[in-house]
Amino acid sequence: MGGEKEQWFGPGETARRVGVTTKALRVYEREGLVVPHRAESRWRLYGSAQIARLHQIIVLRDLGLSLKSIKKLVGDHSRLREILRLQRETLESQEHKIRRAITLIERAQRQLDEGRDLSLGDLENLTKETVMQQSTDNKKFAARFEALIAEQDLTGHASRTFDGIKKEYSADAHKAALTAMMAEASQLKEAGDVNSEAAKEFVRRMRSRTADIRRSTPQAEQEIIRNAYSKAVAEAQARSEPLSFDPAVLEFFRQVAQGMKERGELD
DNA sequence: ATTCTCACA
DNA sequence: TGTGAGAA
């Protein structure tokens with residue numbers, strides 16, 4: 001290989017070349033994403049490897065990923081390809097949404113230009129569009145969730161268990177109760193204290209409701225379902241897809257329960 | 001033009 | 001996730 005000498009750039013020059021500030025460079029360094037070389041003088045020096053890495057980071061950041069997830073991704077080319085594909089699909093689907101919205105607006109504008117008011121029916125159609133969009137988002141998540149269960153589930157037991165859970169919880173009485181509990185849950189999560197009596201009480205109540213399921217479902221199946229859930233959520237978030245529930249709320253209660261278990265407050 | 005740390009949104 | 005100030 002030829003003796004191309006490595007070119008080294010200082011912080012200012014590097015920042016200019018990749019289009020960020022020197023402050024940002026130091027944030028990425030602090031978070032462990034790019035570690036520059038150091039001159040004797042302690043000045044940071046960025047070579048081609050560091051600059052290539054910076055380009056990766058900046059592309060992912062512009063896609064809206066957190067530095068934390070970027071850290072997990074850079075250097076892992078298979079994951080990188082996957083994320084870029086997911087983001088591309090998301091942007092393309094947003095492109096369709098925007099086109100449809102423009103069409104609707106143009107239609108409404110024409111109607112107003114012709115001196116006609118928009119009827120209640122027209123407005124209803126506009127809202128229906130968005131409602132339908134939401135419900136297809138939900139269905140998409142549910143479908144992916146189930147597909148991931150099936151993937152890990154060689155015996156088919158977990159899928160059947162999940163079907164049973166789904167059936168039981170789709171009863172109207174349960175639906176209303178679940179909605180109420182999710183509302184209560186997000187209040188508690190906002191309060192932010194994983195050790196509050198209220199949060200622990202809520203977890204106990206939740207667990208007593210689901211005790212039957214936990215008792216009758218083998219550990220391995222529970223794990224498959226949990227893993228599929230995490231993965232489906234992670235994928236949805238990587239695509240910046242809206243979810244009908246807040247995963248952070250469930251994560252909050254996972255932490256509450258974890259803490260209770262560690263202190264032996266839970267069986 | 002750089003280093004660091006701190007407070008702040 | 002960065003920024004701006006202030007000191008070296």
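Labels below follow one simple rule: chain letters A, B, ... track the order of the sequence lines, proteins then strands, and each chain is numbered from 1. Owing to the predicted nature of the structure, the values given are computational and were not obtained by experimental measurement. Only this structure's heavy atoms are used, side chains among them; waters, hydrogens and symmetry mates stay out.
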Under 3.5 Å: donor-acceptor pair, side chain of A:H55, backbone of A:I51: yes
More than 12 heavy atoms from other groups under 6.0 Å of NZ on A:K97: yes
A:R88 atom CZ, over 12 foreign heavy atoms within 6.0 Å: no
Pairwise side-chain contact, A:F252 with A:S186, heavy-atom cut-off 4.5 Å (strictly under): no
Neighbours of DNA chain B within residues 53-65 of chain A, by heavy-atom distance under 4.0 Å: none
Flag side-chain contact, heavy atom, 4.5 Å: A:Q50 against A:E29: no
Sorted by number, the residues of residues 6-25 of chain A with heavy-atom contact under 4.0 Å to DNA chain C: A:T21, A:K23, A:A24
Neighbour count >12 (heavy atoms, 6.0 Å) for atom CZ, A:R263: yes
Polar side-chain atom of A:R61 near backbone of A:S66 as donor-acceptor pair, under 3.5 Å: no
Ring centres under 6.0 angstrom apart (A:F245, A:F141): yes
More than 12 heavy atoms from other groups under 6.0 Å of CD on A:E6: yes
Same apolar cluster: A:M181 and A:L250, side chain cutoff 4.5 Å: yes
Residues touching DNA chain B, which here means a heavy atom under 4.0 Å, drawn from residues 27-49 of chain A: A:R38, A:R42, A:W43, A:R44
